[in-house]
Each structure stands twice: as structure tokens, then as C-alpha cells.
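Below is one structure, written out as C-alpha cells; comments come after it.
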Amino acid sequence: MIIHNTLGQRDEVFKEINKNRINIFVCGPTVQDDFHIGHARTNIFFDVIVKFLRARGYSVFYLQNITDIDDKIIRRAKDENKSPGEIAEYYYNEYLRLMNILRVNSVTYYARATLYIKEIISQIRRMINKGYAYETSDGVYFNVRKFKDYGKLSNQNLNEIIENARGVINEDKKHPEDFALWKKMKPGEPYWESPWGKGRPGWHIEDTAITETFFGYEYDIHGGGSDLIFPHHEAEIAQMRSISNRKYLARYWIHTGMVNVNKEKMSKSLKNYIKIKDILKDYSPEVLRFALINSNYNTSIEYSLELMNQSRESVDKINTIYNKLKSINSDNGSFDINYDAYINSFNNIMENNFDTRRLITELLEFVGVLNKNYENISYNTAQKALKILDYLNSFLDILYGSKKINTDIIDSLILIRNELRKNKFYDLSDLIRKSLQDAGIYIEDNGDKTIWYAKD
RNA sequence: GGAUAGGUGGCAGAGAGGUCAUGCGUGGGACUGCAGAUCCCAUUUACUUGGGUUCAAAUCCCAACCUAUCCUCCA
């Protein structure tokens, strides 16, 4: 399996630390506001690859943090006259709700930052003891200049980082590029007790505290949006490695590209973001998943209505053939497919840096082959094709869920409808078709044979 | 200014020295009572610019231009 590793910027053969086990950590959101398509992209992508890795036999521990304390949460709480805890709780639940709808259900454990204060303090203390961190009047900071590999992930050298640093400088903070590990409480802010007085953790420290708790010093894969490479992931590496003295925090770093609107990154400040909950009013979760994985994960996606509409057509197409295959019950038909060849080919594509776009291209070609030969497919072949589609769906999750349907009733309605058609009572036959369609049952007349399938 | 990723037909997007990917859109056709779904044909000399290497270059080299992202919080 090949993974493009941000660390080193090259394709590498994947080798797990412990045989057949993979520990993966992906940066989760700050639970402070509604979630947008950018969040969806990253989470759907990692959902797909974790499901794929599991399908390939790996035991995967997928860990994600939830930032439930941070400046923005505090500000938001003030604006809305609520407590930061209330804001965090609300958006945390909203996040889980949306992820569930989007079928992002591969995460083994969501770790909330505020539940790991003890571990955070322990890490900061070790950094201070080793001389990597120092206390000031308003917090504890990491001394970036002490960690020589700072900048290695984002391929910048330390001197340039120091030159370009735009970080906030205050009185006794040593350098602008130093980042906060602990922020001392200001009046009215939430706090936890620490050796440095009341306060709260900085942003970067929660992730290493959480990953150390579950995975130890090192783990296999770290993921996140590409906007987190610097400084967030750089900071994580500096923190953990300064404590562990190891060569790595994570062996492989995978970063997802941004979702753009009008060629600009979707972001709060530009007010150009599309909320997940809004897009779900017009498009199904399956269509959104498809739209977001139908591209190379590390390039940016241009969001547009056209993208969504095209995705819907493709998803419909895949679902239609899937449902039509299910209705095949004849033994006639000479067309055959090579199950193993297809599965191997699809696996190879995924194992080449999770090339979901190419996978979808091949999947649509497979659908095309099935359509071309549809009249010539026997029950056995149909079952093989369905098995292939089910396999792909086990990690793509783009097939509409099938409802519980009383097939006998539909069959008899179709029988009646065909009698009406034979006698040219088209108004009535069309009415039956229309009302079935309203109930999500689609009918197709192919000569003397009528097939039906359900669609959400 | 530095780092990263790019600039391919109406649009989206593969390809990485020589056989015009593919999808969408558009036009036409087949099938159908109509519809739907599906299929077939057409839309064939696209690769930012300027140099160079080569028998041959989107593809390699050099230069330039342009775009996005990061360098402050961000998935």
C-alpha cells in the first residue's frame, strides 16, 4: 500500500508499527459553530479509508479529538449569554448528529479535550523539566527554537519560520513563534487548576495528550486538513517528540485539500461556507459523500451546484443498476463477470494512495458494462455484481438504504397496471406508476416485462 | 518574501515521451402508448507562455507568467 506522506512529501510504502494494527488520529473540530462542507470532506475521506483498511483486514483504532475549550467557544458563549460548556455541548452533539447522517461511523473514540486536563498538565510539566517550555505571566509557552526539527513537516527551515512569525508577542513571551501550551485565566473565563495557577490548555497540546493516552509516544497515521500542517501539526510534533526523544510522532501524515467556493477557501471569515445541515436539505448524504470523494483527497475541490447535481446523477445511476440487478431472477443470460479481477483491481486502486477518484471512475465504468449487458445477465452473474457493489459500498457508503417493502403488494399492483396497459387504460396505469413513484418505488417497462426498484 | 499544490477541450478532470482517458453538457438516433432507465453515433488535431533536449513532448530541462493554500484562528 502506498501513502503520500506529507512528512517528506513523497509516496511511501505503508508499514504499520504493530502487525495488522493501525492507530490513526485525525484532528477533529472545535465545537463552536455550525459545521461546513470542509469538515465533511475531511471526515468523509478518513471514514472511507478507515473502512477500507478494515475491509483489508487491519484492526484500526480511529481516534478523533474534540476541541471543547478554546477562545472562540468562550467568545461565542459571551455573545449568546451561555456558558462555554453549554456551547461546546450543543455543537458536540450537533457534530455527532451530522456525522451519523453522513455515515461517518468508523471513529472508534471521540476524545474531548477537557477530559484530558490531567494528561495535558503532565505533558507540559515534562516539557518544562526538559527545558523546552517556560512559564510567563500569562501562560506556559513552547520554545520553538529549542526543537531543531520544527518546520520539517511543512518543509520550512526554522530561521524562516522565526523571520516570518506573526504570532502575538507579549511582554515576557520570548519569541513571537513560540506557542501557548497553557493559558492563564483572565477574569470570567473557565479554568482548571494547574501548577501554574488557574487556566486552560492551548490548542495544540490536547492532541498529543490524547494520542499519548491511547497510543503512546508513536502511532501510525495522523490526518487532518491541509490548513493544519502549520503550525498545528508542527507544534504537535515538537511537543511529543521533545518529551519522547523519538524520531516520530506519527509515521505517516495525510492531509486533505480544502473545499473552495469561487476559487477561495471556504471559511468563516469570508462567509462563503456551505453548512452541512443546509446542503442536506437538497442533497442526500450519499450524494454529498460522492461529491467529496470524487476527487483526489489532497487537491482542493471547487464547490458548485454543478458538482452536486452531477454527483446526484452518478449516485442515482449506481443505485439504479444496483436495484435493477436485484430484480433479476432468470437463469438465462450468458454474460459473466470476473469477480476476483474486479475486486483486486478496485483494491489496487485504493491501495495506491487511496485514489477514490479513480475508483469512482472505474466503478462508473463497471456500471456501464452492466448496463450494456443488462439483458444478458443471469441471476448468478447479478449476484456476483451485487457482491462487488456491496464490497465497494462497505467503505464508500453511497448506496441508498433499502426500505422494508412488501414486494407482494407491489407485484400485484404491477400486474393490475399491466392489464390496464394492455387494454389501453393509460390514465389509470400512469396513476399507479405516479403514486408508486411518490412512495419511492420506480417502475420501468421493458417490452412485456416490467421491473421496479426502490429509491430513497 | 518563504513553503506547498496546481495551470489540459464549453465545464470537471486522468495521463507523465510516440496508440486522441473518462464524466458532464450539447446535437442526433434506437427503445417506449407515454415516461423512465438504458444503449448507439456525433461534438477528434485540448494541454499557460517563451526557449531548449529528442526522430518524436501535456509529458523531460531552463526561464517567465498566472491561481489557490499556509506562514494569526481554521477541516
Side-chain angles (χ1 to χ4, degrees), chain A residues 4 6 9 26-30 32-33 35-46 64 67 70-72 75 151 153-157 159-168 176-177 179 203 223-234 255-260 262-270 273 291-292 294-296 298-302 304 306-307 309-311 313-314 316-317 320-321 323-324 355 357-358 360-362 364-365 367-368 370-375 420-427 429-430 433-434 437 442-447 450-453 455:
Chain A
H4 183 81
T6 307
Q9 283 125 236
V26 175
C27 283
T30 300
Q32 133 242 344
D33 201 350
F35 304 97
H36 57 68
I37 299 181
H39 297 107
R41 185 197 191 172
T42 297
N43 286 294
I44 288 169
F45 170 71
F46 283 104
Q64 185 168 68
T67 304
D70 142 286
D71 293 0
K72 283 189 194 157
R75 204 180 314 140
L153 180 71
S154 54
N155 204 34
Q156 294 170 274
N157 73 50
N159 291 331
E160 273 162 8
I161 290 173
I162 291 167
E163 261 176 52
N164 291 327
R166 287 197 251 157
V168 183
E177 68 275 13
F179 55 86
W203 176 39
S226 63
D227 54 351
L228 298 181
I229 296 172
F230 189 94
H232 185 52
H233 291 162
E234 210 71 79
H255 290 99
T256 50
M258 297 293 102
V259 179
N260 291 172
N262 293 325
K263 310 232 170 191
E264 275 179 324
K265 178 184 166 186
M266 192 175 283
S267 74
K268 298 265 156 82
S269 47
L270 289 165
Y273 59 95
L292 294 174
N294 190 203
S295 68
N296 274 334
N298 48 12
T299 61
S300 56
I301 293 177
E302 179 67 24
S304 67
E306 203 189 0
L307 169 74
N309 291 335
Q310 281 188 21
S311 298
E313 277 180 50
S314 299
D316 280 351
K317 197 177 173 125
T320 301
I321 189 67
N323 287 311
K324 284 166 82 168
D355 195 348
R357 175 166 234 285
R358 170 117 189 275
I360 284 173
T361 304
E362 299 283 326
L364 289 173
E365 263 175 47
V367 170
L370 294 171
N371 276 325
K372 242 172 247 173
N373 297 285
Y374 184 74
E375 296 300 322
L420 291 169
R421 287 175 67 221
K422 240 181 253 171
N423 294 297
K424 299 198 196 293
F425 291 118
Y426 293 126
D427 284 354
S429 69
D430 287 353
R433 180 169 64 194
K434 177 72 170 43
Q437 193 171 318
Y442 287 71
I443 283 181
E444 290 180 20
D445 301 317
N446 299 318
T450 296
I451 67 155
W452 66 269
Y453 55 85
K455 209 163 98 173

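Keep in mind it's a predicted model, so treat the numbers as computed, not measured. What's counted below: heavy atoms across the whole structure, side chains too, no hydrogens, waters or symmetry copies. Proteins get letters first, then strands, A, B, ... in listed order; numbering begins at 1 in each.
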Can you tell if the side chain of T320(A) reaches within under 4.5 Å of the side chain of E444(A), non-hydrogen atoms only? yes
Side chains of E302(A) and L307(A) in contact at under 4.5 Å (non-hydrogen atoms): no
In whole Å, what separates the [atom1] atom of [N] from that of [M]?
| N | M | atom1 | result |
| --- | --- | --- | --- |
| C70(B) | A75(B) | C1' | 14 Å |
| C20(B) | A46(B) | C1' | 9 Å |
| U53(B) | C62(B) | C1' | 11 Å |
| U54(B) | G17(B) | C1' | 9 Å |
| A30(B) | G13(B) | P | 35 Å |
| C47(B) | A21(B) | C1' | 14 Å |
| G2(B) | U43(B) | C1' | 46 Å |
| G29(B) | A35(B) | P | 13 Å |

Picking from [options], which would you name as closest to the side chain of [X]?
| X | options | result |
| --- | --- | --- |
| N296(A) | A75(B), A14(B), G2(B) | A14(B) |
| R357(A) | A14(B), C71(B), C70(B) | A14(B) |
| E313(A) | G25(B), A14(B), G2(B) | G25(B) |
| H36(A) | A75(B), A68(B), C70(B) | A75(B) |
| T361(A) | G33(B), U22(B), A75(B) | U22(B) |
| E160(A) | A14(B), C24(B), G2(B) | G2(B) |
| S429(A) | G33(B), U69(B), C73(B) | G33(B) |
| P29(A) | A3(B), A75(B), C70(B) | A75(B) |
| Q310(A) | C73(B), A3(B), G23(B) | G23(B) |
| E365(A) | A75(B), A68(B), U22(B) | U22(B) |

In whole angstrom, what separates [X]'s [atom1] from [N]'s [atom2]?
| X | N | atom1 | atom2 | result |
| --- | --- | --- | --- | --- |
| L307(A) | G25(B) | CG | P | 14 Å |
| I360(A) | A14(B) | CD1 | P | 12 Å |
| M258(A) | A75(B) | CE | C1' | 5 Å |
| K434(A) | C34(B) | NZ | C1' | 15 Å |
| E264(A) | C66(B) | CD | P | 18 Å |
| H233(A) | A3(B) | NE2 | C1' | 17 Å |
| E362(A) | G13(B) | CD | P | 18 Å |
| D355(A) | G13(B) | CG | C1' | 12 Å |

According to salt bridge (charged side-chain N to carboxylate O under 4.0 Å, His left out), who are the partners of [X], at least two apart in sequence or on a separate chain?
| X | answer |
| --- | --- |
| K434(A) | D438(A) |
| D430(A) | R433(A) |
| R358(A) | E362(A) |
| D355(A) | none |

Within 90° of 0 counts as syn, otherwise anti: where does A58(B) fall? syn
Counting any heavy atom closer than 4.0 Å, what does [X] reach on the DNA or RNA strands: base, sugar-phosphate only, or nothing?
| X | answer |
| --- | --- |
| V26(A) | nothing |
| N157(A) | nothing |
| G224(A) | sugar-phosphate |
| A165(A) | sugar-phosphate |
| Q9(A) | sugar-phosphate |
| L364(A) | nothing |
| Q437(A) | nothing |
| G151(A) | nothing |

Here's a test of your reading of the structure: between Q156(A) and M266(A), which maps to the more 5' nucleotide of RNA chain B? Q156(A)
With nearest nucleotides of RNA chain B determined for I301(A) and I229(A) from heavy-atom distances, which residue corresponds to the more 5′ nucleotide? I301(A)
Residue pair [X] / [Y]: nearest heavy atoms and the distance that separates them:
| X | Y | result |
| --- | --- | --- |
| V259(A) | G38(A) | CG2-CA, 3.9 Å |
| S154(A) | I229(A) | CB-CG2, 3.8 Å |
| S226(A) | H255(A) | CA-CB, 3.9 Å |
| Q9(A) | L153(A) | OE1-O, 3.8 Å |
| S300(A) | R41(A) | CA-NH1, 3.9 Å |

In terms of relative ring orientation, are Y273(A) and H36(A) parallel, tilted or perpendicular, with 30° and 60° separating the classes? tilted
Go through the steps for D445(A) and R421(A) under the test salt bridge (Lys or Arg N to Asp or Glu O under 4.0 Å), then give the verdict. CA-CA 11 Å; D445(A) 301 317; R421(A) 287 175 67 221; 3.3 Å; yes
In RNA chain B, consecutive runs of at least three Watson-Crick or G-U pairs below 3.5 Å, as range with range, amount to B:1-7 with B:65-71, B:10-12 with B:22-24, B:25-30 with B:38-43, B:48-52 with B:60-64
Would you mind building the protein contact string for nucleotides 35-41 of chain B? One character per nucleotide, 5' to 3', B for base within reach (heavy atoms under 4.0 Å), S for sugar-phosphate only, - for untouched. BBSSSS-
Taking 4.0 Å as the cut-off, does a side-chain nitrogen or oxygen of N155(A) come that near to OP1 or OP2 on U4(B)? yes
Look at the side chain of D430(A) against the base of G33(B) and say whether a donor-acceptor pair falls under 3.5 Å; ignore hydrogens and angles. yes
